[in-house]
Amino acid sequence: RFFAKCSAARLGCNHPISVVLYHFQEQQIFDYAIRPVLEVLMDAFGENIGPINDELWAIKDFYCNVLGEQGEYAAAESHGLCFLKQSEEAFGRLHWRTRKLLIDLAYIHYLEEQYDLAELKVQDTLQRGREDLGNEFPDIVCISALWHLAQVYEAQGDFAQSEEHWRAALTGAISRWGVEDEWITLIAIELERSFKQIGRASCRERV
């Protein structure tokens with residue numbers, strides 16, 4: 001989005017570069033455009049794509065997410081579990097990268113509508129975070145986990161639990177970054193939406 005805005009301002013909205021960058025903001029188009037590049041890199045590096053190198057870690061993590069977004073859940077989960085094992089061996093079960101991969105796996109289950117499995121993965125992420133961080137809980141990974149857990153409960157129609165976890169995510173974000181951070185605005189919007197969902201559910205129950 002940043003580069004699309006810069007290109008539009010400098011080159012004009014109708015310039016080919018501006019048009020391409022604009023359409024790349026659509027997740028599906030971006031995934032289909034970037035996936036062949038990722039697959040070449042995966043084939044080139046193979047099992048050498050371990051979790052220690054920052055760039056290679058980001059490539060493999062993103063590749064798993066692309067597979068999940070495109071509905072290839074079995075492949076996404078297979079890659080994710082393999083990478084999770086590598087991360088646990090390299091960093092341990094409590095490291096933020098290991099916990100981030102657990103959230104990725106939870107998101108794949110969420111996309112599959114396997115909400116029980118998604119909830120288990122996110123709860124595992126939070127438990128590991130509490131063990132790792134102690135009084136520093138939550139970090140950004142755990143705040144993301146609270147966010148995902150709120151979405152899982154909402155998908156199951158448990159709006160009260162969803163609201164509770166949006167509140168926990170908001171509290172954690174404020175304590176870590178202060179009230180001016182963009183995360184605060186995003187979570188506040190989701191919390192407001194959860195109020196409306198609870199209101200709709202209450203109306204349906206009365207009817």
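When reading the values below, keep in mind they use all heavy atoms of this one structure, side chains included, and skip hydrogens, waters and symmetry mates. Since we're looking at a predicted model, the values are computed, not measured.
- You'll find the side chain of R93 reaches within 4.5 Å of the side chain of E131, heavy atoms only.
- The shortest non-hydrogen separation linking L101 to S87 is CD1-CB, 3.6 Å.
- Using a cutoff of 4.0 Å between basic side-chain nitrogens and carboxylate oxygens, R99 and D132 are scored as salt-bridged.
- Considering only residues two or more places apart in sequence or on other chains, R130 meets the side-chain hydrogen bond (donor to acceptor under 3.5 Å, both in side chains) condition with none of them.
- Distance check, rounded to the nearest 0.5 Å: CG of L191 to NE2 of H165 gives 13.0 Å.
- Rounded to the nearest 0.5 angstrom, H79 NE2 and D104 CG are separated by 13.5 Å.
- Using a 4.5 Å heavy-atom cutoff, the side chains of W166 and Q151 are in contact.
- With rounding to the nearest 0.5 angstrom, the CG atom of L105 is 12.5 Å from the CG atom of L120.
- Rounding to the nearest 0.5 Å gives a distance of 12.0 Å between CG of L102 and CD of Q127.
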Next item on the list: With side-chain contact (heavy atoms from CB on, under 4.5 Å) as the test, would you mind laying out the steps for L81 and K85 before giving the verdict?
Entry: CA-CA 6 Å; L81 288 170; K85 181 180 178 181; over 6 Å; no
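- At a threshold of 4.5 Å between non-hydrogen side-chain atoms, the residues D116 and Q156 count as touching.
- Hydrophobic clustering (ILVMFWY, side-chain heavy atoms < 4.5 Å, transitive): L117 and V152 are in distinct clusters.
- Both L186 and V179 belong to a single network of hydrophobic side chains, linked directly or stepwise wherever heavy atoms of I, L, V, M, F, W or Y lie under 4.5 Å apart.
- Formation of a donor-acceptor pair under 3.5 Å by the T171 side chain with backbone atoms of R167 is found in this model.
- Summarising the geometry of C64 relative to A76, their closest heavy-atom pair is O-CB, 3.6 Å, with the distance given to 0.1 Å.
- Under a hydrophobic-cluster definition in which Ile, Leu, Val, Met, Phe, Trp and Tyr are linked whenever side-chain heavy atoms come within less than 4.5 Å, directly or via other members, L84 and Y73 are assigned to the same cluster.
- Partners of R176 under the side-chain hydrogen bond (donor to acceptor under 3.5 Å, both in side chains) rule, at least two apart in sequence or in another chain, do not exist in this structure.
- Taking 4.5 Å as the limit, every side-chain heavy atom of V122 sits out of range of all side-chain heavy atoms of I103.
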Result block: side-chain N/O donor-acceptor pairs under 3.5 angstrom for residues 143-150, not counting sequence neighbours:
residue, atom, partner, partner atom, Å
S144, OG, I140, O, 3.0

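- Of all heavy-atom pairs spanning A106 and A118, the tightest one is O-CB, 3.4 Å.
- Here E190 pairs with R193 under the side-chain hydrogen bond (donor to acceptor under 3.5 Å, both in side chains) rule; sequence neighbours left out.
- Side-chain contact between T98 and L94 is absent, with no heavy atoms from C-beta onward closer than 4.5 Å.
- When the side chains of ILVMFWY residues are joined at heavy-atom separations under 4.5 Å, either directly or via intervening members, L133 and W177 end up in two distinct hydrophobic clusters.
- Using a 3.5 Å distance cut-off with no hydrogens or angles, the side chains of Y153 and E164 do not pair a donor with an acceptor.
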N/O donor-acceptor pairs under 3.5 Å from side chains in residues 107-115, not counting sequence neighbours:
residue, atom, partner, partner atom, Å
Y107, OH, E69, OE2, 2.9
H109, ND1, Q114, OE1, 3.4

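- For the residue pair C142 and L126, the shortest heavy atom distance occurs at O-CD2, 3.6 Å.
- The side-chain hydrogen bond (donor to acceptor under 3.5 Å, both in side chains) check on E88 picks up R128, with sequence neighbours excluded.
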